[in-house]
Amino acid sequence: MEIALEKLPIEERVSLVWDIWDSIADDPNNAHNLPLDDNQKQTLDKRLADIENHGFQGRDYQDALTKLREGLSSSVTDNEF
């Protein structure tokens with residue numbers, strides 16, 4: 001069975017991608033067995049080492065959400081005609 005994905009509205013295609021990703025993440029047999037290439041492994045190792053050496057340096061959820069919303073609202077304002 002072949003599906004002409006390009007004929008589906010973008011919203012439906014995005015929804016399909018999310019559904020597929022959720023099915024992978026929810027599968028208890030495969031969720032933690034996704035293959036990583038060497039570069040991804042090195043990046044994760046570096047991030048873990050940074051956390052171990054310096055503690056968690058990230059932002060909390062509310063701060064990150066506020067910054068994201070500020071950026072989005074300014075980009076919308078900048079692009080208005």
Side-chain angles (χ1 to χ4, degrees):
M1 178 174 117
E2 188 173 319
I3 300 173
L5 294 174
E6 67 278 355
K7 292 183 180 180
L8 293 173
I10 189 73
E11 295 85 6
E12 286 185 42
R13 288 185 273 166
V14 170
S15 180
L16 283 171
V17 170
W18 280 109
D19 289 345
I20 291 169
W21 183 253
D22 287 344
S23 74
I24 293 168
D26 292 342
D27 185 338
N29 298 316
N30 296 318
H32 301 287
N33 295 322
L34 296 174
L36 299 175
D37 64 32
D38 289 340
N39 188 41
Q40 292 168 318
K41 290 176 187 175
Q42 290 173 355
T43 299
L44 289 174
D45 288 342
K46 181 186 179 306
R47 290 177 181 176
L48 287 172
D50 285 346
I51 291 170
E52 289 172 359
N53 294 330
H54 307 289
F56 180 70
Q57 300 293 314
R59 291 184 173 153
D60 69 24
Y61 167 77
Q62 284 300 324
D63 183 40
L65 185 61
T66 300
K67 295 290 185 189
L68 178 62
R69 287 184 172 153
E70 288 171 359
L72 289 175
S73 66
S74 68
S75 67
V76 170
T77 304
D78 293 343
N79 292 325
E80 289 181 348
F81 296 100

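Both backbone and side-chain heavy atoms feed into the values below; hydrogens, waters and symmetry mates do not.
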- request: For residues D27 and S23, determine if any side-chain heavy atom of one lies less than 4.5 Å from a side-chain heavy atom of the other.
  value: no
task: Hey, could you give me the NZ/CG distance between K46 and L48, rounded to the nearest 0.5 Å?
output: 11.0 Å
field: Distance-minimising heavy-atom pair for H54 and Q57
entry: O-NE2, 2.7 Å
- request: Determine the minimum heavy-atom distance between D63 and R59, stating which atoms define it.
  value: OD2-CD, 3.1 Å
- prompt: Once you round to the nearest 0.5 Å, how far does CD of Q42 lie from CG of L36?
  reply: 11.5 Å
field: Gap separating the CG atom of L72 from the NZ atom of K67, nearest 0.5 angstrom
entry: 13.5 Å
Residue of the set E12, E6, E11 for which side chain to side chain contact (heavy atoms under 4.5 Å, CB included) holds with L8: E12
message: Working to the nearest 0.5 angstrom, can you tell me the gap between L5 CG and I10 CD1?
response: 10.5 Å
Distance, nearest 0.5 Å, that separates CD1 of I24 from CG of D19: 11.5 Å
Salt bridge (charged side-chain N to carboxylate O under 4.0 Å, His left out) evaluation trace for D45 with K41: CA-CA 6 Å; D45 288 342; K41 290 176 187 175; over 6 Å; no
